[in-house]
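Below is one structure, written out as structure tokens, with a few remarks after it.
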Amino acid sequence: MKDLEKWESKRDSDNFTEDEERIFDEIGLNGSSRRKFLKQISAASLSIWASPYFTSELFAQTAENLPDEVKVLLNEVKVNLRVNKMVKPLTLDSRVTLLDALRERLALTGSKKGCDHGQCGACTVMIDGKRKLSCLTLAATCEDKEITTIEGLAEDGRLHPMQEAFLKHDGFQCGYCTPGQICSSVALLEEAKNGEASYVTENFKNIETNLKLSEEEIRERMSGNICRCGTYNNIVQAFKEVHSGDDEMPTWEFATREQMEKAKNA
């Protein structure tokens, strides 16, 4: 803001340094044209500085009174979002993420904003059956795609089997990451059904459908969803019950002293 005030002061008084005078002369700006140029620069700079603090709706309400330099920043697009089997027509800034559209415009606050950088998985939703990070997905790219959030998993008043399993096996503590964990788990069921490979798939040349995932596979495939409370074993247990009917506790155990020493010296 101080830089803007400085420019405004100079624009009104024409009190420029020798170097500034030389630059303006070189680009052919003098007198009234120079003042007009600085006025436009000031308006554009102010709009860029202020744009993160205002919504497109607020800009649109006074768009007729805004300079052209500011109107360019609105970037509004119309998009039909098909969310949980319902079509939601929205007018959004083209830079709005799917996560913000869901939370701020559609009041679907189940999808959580954790890191907002695609690293924690709390914002995971399903787009056309595939798990996606909604904080890294532009809402404008989801036109007519089938979006499923945590709110859309239950049907006819009955929880999805994965939701019931998470409740049964205490697959959460604070619950912040849980919507993303469940959406990711549901999508993973389809990945296993379709025979999609992962980083720990042993044989890429012989991939079959209807895979029965091992605990190692489950942990690898769910590794993009972070739980700061550390309920990973319960999450694996919940997934295994829905995936294969296996109700046994995960077969993890504490590291031995020898294993710890080996890891320390590795």
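For the numbers below, each heavy atom of this structure counts, side chains included, while hydrogens, waters and symmetry mates do not. As the structure is a prediction and not an experimental result, all values here were calculated from the model.
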Study note, to complete from the structure: Tightest non-hydrogen contact, residues Lys193 and Thr209, listed as O-CB, 3.4 Å
Review point. Around atom NZ of Lys132, are there more than 12 heavy atoms of other residues, nucleotides or ligands at under 6.0 Å?
Key: no
Review point. Are side-chain N/O atoms of Asn84 and Thr149 paired as donor and acceptor at under 3.5 Å?
Key: yes
Exercise for review: Determine whether more than 12 heavy atoms belonging to other residues, nucleotides or ligands lie under 6.0 Å from atom CD of Glu216.
Suggested key: no
Point to revise | Same apolar cluster: Leu99 and Leu108, side chain cutoff 4.5 Å | key: no
Practice item. Taking the side chain as every heavy atom from C-beta outward, state whether Gln181 and Cys227 have any atom pair closer than 4.5 Å. Key: yes
Exercise for review: Please indicate whether Asp156 has more than 12 foreign heavy atoms, meaning atoms of other residues, nucleotides or ligands, lying under 6.0 Å from its CG.
Suggested key: no
Practice item. May I ask you to check whether Glu217 and Ser198 show a side-chain donor-acceptor distance below 3.5 Å? Key: yes
Check your understanding: Of the non-hydrogen atoms in Cys183 and Leu153, which two are nearest, and what is the gap between them?
Key -> SG-CD1, 4.5 Å
Practice item. Measure from the side-chain N and O atoms of Asp100 to the backbone N and O of Val96, and report whether any donor-acceptor pair falls under 3.5 Å. Key: no
Check your understanding: What pair of heavy atoms forms the shortest contact from Phe172 to Phe166, and how long is it?
Key -> CE2-O, 3.6 Å
Check your understanding: Any donor and acceptor pair, going by atom type alone, linking the side chain of Tyr176 with main-chain N or O of Lys113 inside 3.5 Å?
Key -> yes
Practice item. Might you point out which heavy atoms bring Lys130 and Glu196 nearest each other, and give the distance in Å? Key: NZ-OE2, 2.5 Å
Practice item. Report yes or no: do Thr124 and Arg131 form a side-chain donor-acceptor pair below 3.5 Å? Key: no
Point to revise | Short N-O contact, Lys85 and Glu155, less than 4.0 angstrom | key: yes
Study note, to complete from the structure: Sorted by chain and residue number, the salt bridge (charged side-chain N to carboxylate O under 4.0 Å, His left out) partners of Glu190 (sequence neighbours excluded) come out as none
Revision key, fill the gap. When every non-hydrogen atom of Ser111 is compared with those of Val125, the smallest separation belongs to OG-CG1, 3.3 Å
Exercise for review: State yes or no: do Leu90 and Ile127 share one hydrophobic cluster built from I, L, V, M, F, W and Y residues joined by side-chain heavy-atom distances below 4.5 Å, directly or via other members?
Suggested key: yes
Review point. Thinking salt bridges, do Glu241 and Lys168 make one under a 4.0 Å N-O criterion?
Key: yes
Point to revise | Distance-minimising heavy-atom pair for Ala139 and Leu92 | key: CB-CD1, 3.7 Å
